[in-house]
Amino acid sequence: MELADFLSALKEVRKDQVVVTTMASAREWPNYSDGPLDLNYAPSSMGQGPALGLGIALARPERQVIVLNGDGCTLMNLGVLVTIAGLRPVNLVLFNLENGVYEVTGGQKLAGSGRVGFTGVARSAGWERVYEIKEAEELRRELPGILRGNGPVFINVKLVARPGPSPKPRRPMPETLRMLSEALAAGSAGRQAR
Ligand SMILES: [Mg+2]
């Protein structure tokens, strides 16, 4: 599946969740959504998406937080998988976007590409809800249920590699953070019943 297939499917089901993006997902997600609840953390945050999402999820337990993380990002900060599994934030959803390359640095082959099994890594780190999705149709069918259930949830999504440039922030990062902070302080209707 293409990254665009994944992002458009997510946009269709996304409600008032925070969406944290870094690296390649940060380059593309603003084309789908660029509001106060989109923490488009660019340009320099490889591996930090899950930790950013965890912090928000713990601080705002009424709000679901969706993190889009590249496979290279996940490998760069594997320890955070153990931290999240240990803290068990029910409102955190982590998508691992597996395309087998370091996309924004030129498409170099991922360390361990073709050998590492991300769902196995997540399970061994202590995650109980773990999915792997390969096809766009399967993704559209499964996404609503994935977002309804309690987290933390790890979803490995198999993607075609499309190397491209590094993301450029659409506004200064302090402004992005101020917008998110104000939106979170304004509250939400609460998480959907699960
Ligand atoms: Mg990648």
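Numbering of ligands and ligand atoms starts at 1, following listing order.
With Asn77 contributing its side chain and Gln48 its backbone, the two residues share no donor-acceptor pair below 3.5 Å.
Checked by atom type, the side-chain pair Ser25/Glu28 shows no donor-acceptor distance below 3.5 Å.
Among the backbone and side-chain atoms of Ala24, no N/O/S atom is found under 2.8 Å from the Mg ion (ligand 1). For residue Glu98, no N/O/S atom approaches the Mg ion (ligand 1) to within less than 2.8 Å. Counting backbone and side-chain atoms alike, Met23 contributes no N/O/S atom closer than 2.8 Å to the Mg ion (ligand 1).
What you find for Tyr41 and Met173 is that their closest heavy atoms are CA-CE, 3.9 Å.
Between Phe154 and Phe118, the distance from one ring center to the other does not fall under 6.0 angstrom.
Between Val101 atom O and Asn99 atom OD1, the angle centred on the Mg ion (ligand 1) amounts to 90° (nearest 10°).
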Glu2/Arg162 under salt bridge (charged side-chain N to carboxylate O under 4.0 Å, His left out): CA gap, chis, key distance, verdict: CA-CA 8 Å; Glu2 301 278 347; Arg162 299 277 182 222; 2.5 Å; yes
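Distances from the Mg ion (ligand 1) to the N/O/S atoms of Asp71 are shortest for OD1.
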